[in-house]
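To start, the structure under review is shown below, and the notes come after it.
As the structure is a prediction and not an experimental result, all values here were calculated from the model.
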Amino acid sequence: MTQAIVRGRRFVAPQGHYLLLAIAVLSLAIFAGLAGCNPSSSGPKKLRIAVIPKGTGHEFWKSVEAGARKAEKEFGVEVAFKGPTGEGDTSEQIKIVENFLVEGYDGICLAPLDAVALGKPVQQAVGQKIPVVIFDSGLKDSSGITSFVATNNERGGERAGEYLAKTLLGGKGKVILMRYQINSASTEAREDGFLKAIEKYRGIELISSDQHSGADEAKAVALGEQLLLNMGDRVDGIFCPNESTTSGMLTALERDRRGLAGKVKFVGFDSSDNLIRGLKSGHLQAVVLQNPFQMGYDAVRVVVEKLRGKTPPEKIEVPEALATSENYREPEIDSLLHPLKKN
């Protein structure tokens, strides 16, 4: 007799009937394979959503991920959160988007590092009928995207400028704007809003507004120290448009041997442990706060709604707030300063 054992079952055929045995074994193997991949055995396939931040190191992006993870659980989808190793690496972010497209992800949530350079991979996704939600920072060409989820960045910059010029400086003084990065749409909008606000005050003189620190906080410290070396004896106020520039300038002020920290009125943007410490010490008078947790949640939610046949709004504004050295203990402000603790 000829026999074989497959998946614990023994098949026996008369001597020499190898063909009958082979057919039996092959039939069982095919049946077992089909049973193993039967969709009804594991439920419907989960939607896969790629969330691509500008970076992963800053507290802001950690809060965005926490919001995206909440949406992941709530809507029963699979979220992959991946950004460039260093914020500012545009080429790496482009590769990340392209890789997610190759892997066949169902939806994309993207915070573009460069408003121009990221346009091409986004249009590639749109051409493949993959819903794309842009969050935090916009694109020059946003045609075909599903939605834009962000703070009103120009308004946030205006609030910073108004508070610095009117409340802190009383309408007069010399001011520095230390910029972030060329083609970063969100921070450029904040810078524009800041300039729009302070130009209303004739007693405010802008003594530097063309210096960009880039995404590296160490470079922001170095640029801050250089600006203070050249202008520290006459500067009265400073504005920085994001977490890394604000933290870098704070460090530069605190290192200055002339005691400029606290003396020079300083307003920034976003939150981190260092910036919270600055508010408490009085070395940083105010920061405009976003809600990155809500931003991450809404970005994923909107993509899922689109994939499930709904028509989400083209734009979702996430409200901003102003934290100061006086109000940072208030519950609403504290929850924005510590979004991970709350959520």
Side-chain angles (χ1 to χ4, degrees), residues 137-138 150-214 220 223-254 256 258-271 275 278-279 281-290 317 319-328 333:
S137 192
T151 305
N152 186 324
N153 286 296
E154 184 173 354
R155 186 175 64 206
E158 287 183 18
R159 290 189 70 172
E162 186 73 16
Y163 190 76
L164 180 62
K166 181 180 180 180
T167 305
L168 297 177
L169 297 179
K172 58 182 180 180
K174 294 178 172 60
V175 171
I176 290 173
L177 163 61
M178 187 169 84
R179 295 179 183 265
Y180 172 62
Q181 185 162 286
I182 295 172
N183 279 339
S184 170
S186 58
T187 50
E188 287 183 344
R190 296 166 198 170
E191 293 156 5
D192 290 345
F194 172 79
L195 294 173
K196 180 180 177 181
I198 67 171
E199 71 180 6
K200 297 183 296 184
Y201 297 90
R202 295 183 179 180
I204 297 292
E205 179 185 352
L206 191 66
I207 60 174
S208 177
S209 64
D210 61 352
Q211 299 296 304
H212 294 78
S213 74
L223 179 57
E225 289 179 332
Q226 186 63 42
L227 289 170
L228 295 177
L229 177 65
N230 296 334
M231 306 175 190
D233 291 331
R234 54 197 179 101
V235 66
D236 300 296
I238 298 173
F239 172 63
C240 293
N242 81 319
E243 179 189 334
S244 62
T245 53
T246 305
S247 188
M249 179 59 81
L250 177 60
T251 298
L253 283 166
E254 292 177 335
D256 190 275
R258 291 164 291 181
L260 296 181
K263 179 181 177 182
V264 175
K265 304 306 179 185
F266 182 25
V267 178
F269 224 99
D270 291 330
S271 177
L275 303 191
L279 286 174
S281 69
H283 295 167
L284 175 63
Q285 279 68 46
V287 287
V288 178
L289 295 174
Q290 305 182 83
E317 274 194 12
E320 82 287 344
L322 185 71
T324 70
S325 51
E326 286 79 32
N327 74 358
Y328 70 86
I333 299 299

**Asked** What closest approach, in Å, do G224 and M178 show between heavy atoms, and which atom pair accounts for it?
**Response** N-SD, 3.9 Å
**Item:** Which residues share a side-chain hydrogen bond (donor to acceptor under 3.5 Å, both in side chains) with N153, sequence neighbours left out
**Value:** R190
**Request:** Verify, without hydrogens or angle tests, whether S186 (side chain) and S137 (backbone) share a donor-acceptor contact under 3.5 angstrom.
**Result:** no
**Complete:** Closest non-hydrogen atoms of A323 and I333, given as atom of the first, atom of the second and distance, are CB-CG2, 3.5 Å
**Item:** Heavy-atom closest contact (A197 atom, E158 atom, distance)
**Value:** CB-O, 3.5 Å
**Item:** Verdict with reasoning, V264 to D256, per side chain to side chain contact (heavy atoms under 4.5 Å, CB included)
**Value:** CA-CA 11 Å; V264 175; D256 190 275; over 6 Å; no
**Item:** Set of side-chain hydrogen bond (donor to acceptor under 3.5 Å, both in side chains) partners for S271, sequence neighbours left out
**Value:** none
Pair up each side-chain donor or acceptor in residues 198-207 with any protein partner under 3.5 Å, not counting sequence neighbours, and list the distances.
{"unit_1": "K200", "atom_1": "NZ", "unit_2": "E162", "atom_2": "OE1", "d": "3.4"}
{"unit_1": "Y201", "atom_1": "OH", "unit_2": "E162", "atom_2": "OE1", "d": "3.3"}
{"unit_1": "Y201", "atom_1": "OH", "unit_2": "E162", "atom_2": "OE2", "d": "2.5"}

**Prompt:** What residues, two or more places apart in sequence or in another chain, satisfy side-chain hydrogen bond (donor to acceptor under 3.5 Å, both in side chains) together with E188?
**Reply:** none
**Request:** Keeping to residues at least two apart or across chains, list the ring-ring contact (aromatic ring centres under 6.0 Å, His included) pairs with something in residues 227-250.
**Result:** F194-F239
**Asked** With a 4.5 Å heavy-atom cut-off, do D270 and V287 have their side chains touching?
**Response** no
**Complete:** Hits for side chain to side chain contact (heavy atoms under 4.5 Å, CB included) against T324, two or more places apart or cross-chain, chain-then-number order -> Y163, A286, L322, E326, N327
**Request:** Write down the atom of A220, the atom of G248, and the distance for their closest heavy-atom approach.
**Result:** CB-CA, 4.0 Å
**Fill in**
Applying side chain to side chain contact (heavy atoms under 4.5 Å, CB included) to E254 and not counting sequence neighbours gives L250, A261, R277, S281, H283
**Message:** Applying salt bridge (charged side-chain N to carboxylate O under 4.0 Å, His left out) as the test, list every pair that has at least one member in residues 175-185; sequence neighbours left out.
**Reply:** R179-E191
**I182 CD1: over 12 foreign heavy atoms closer than 6.0 Å** = no
**Short side-chain to backbone donor-acceptor contact, T187 and S184, under 3.5 Å** = yes
**Item:** CD on Q285 to NZ on K265, rounded to 0.5 Å
**Value:** 5.0 Å
**Item:** Atom pair CD1 (I176) and OG (S209), whose distance is rounded to the nearest 0.5 Å
**Value:** 10.5 Å
**Item:** Result of checking V267, L253, L284 against I238 for side-chain contact (heavy atoms from CB on, under 4.5 Å)
**Value:** L253
**Prompt:** Which pairs with one or both residues in residues 229-243 pass salt bridge (charged side-chain N to carboxylate O under 4.0 Å, His left out), sequence neighbours excluded?
**Reply:** D233-R258
**Whether E154 side chain and A189 backbone form a donor-acceptor pair below 3.5 Å** = no
**Sequence-distant partners of R155, salt bridge (charged side-chain N to carboxylate O under 4.0 Å, His left out), two or more places apart** = E317, E320
**Request:** Tell me, please, which residues at least two apart from T246 pass side-chain hydrogen bond (donor to acceptor under 3.5 Å, both in side chains).
**Result:** none
**Message:** Can you confirm whether L228 sits close enough to E225 that some side-chain heavy atom of one is under 4.5 Å from a side-chain heavy atom of the other?
**Reply:** no
**Request:** With sequence neighbours excluded, tell me which residues meet side chain to side chain contact (heavy atoms under 4.5 Å, CB included) with S247.
**Result:** E217, N274, L275
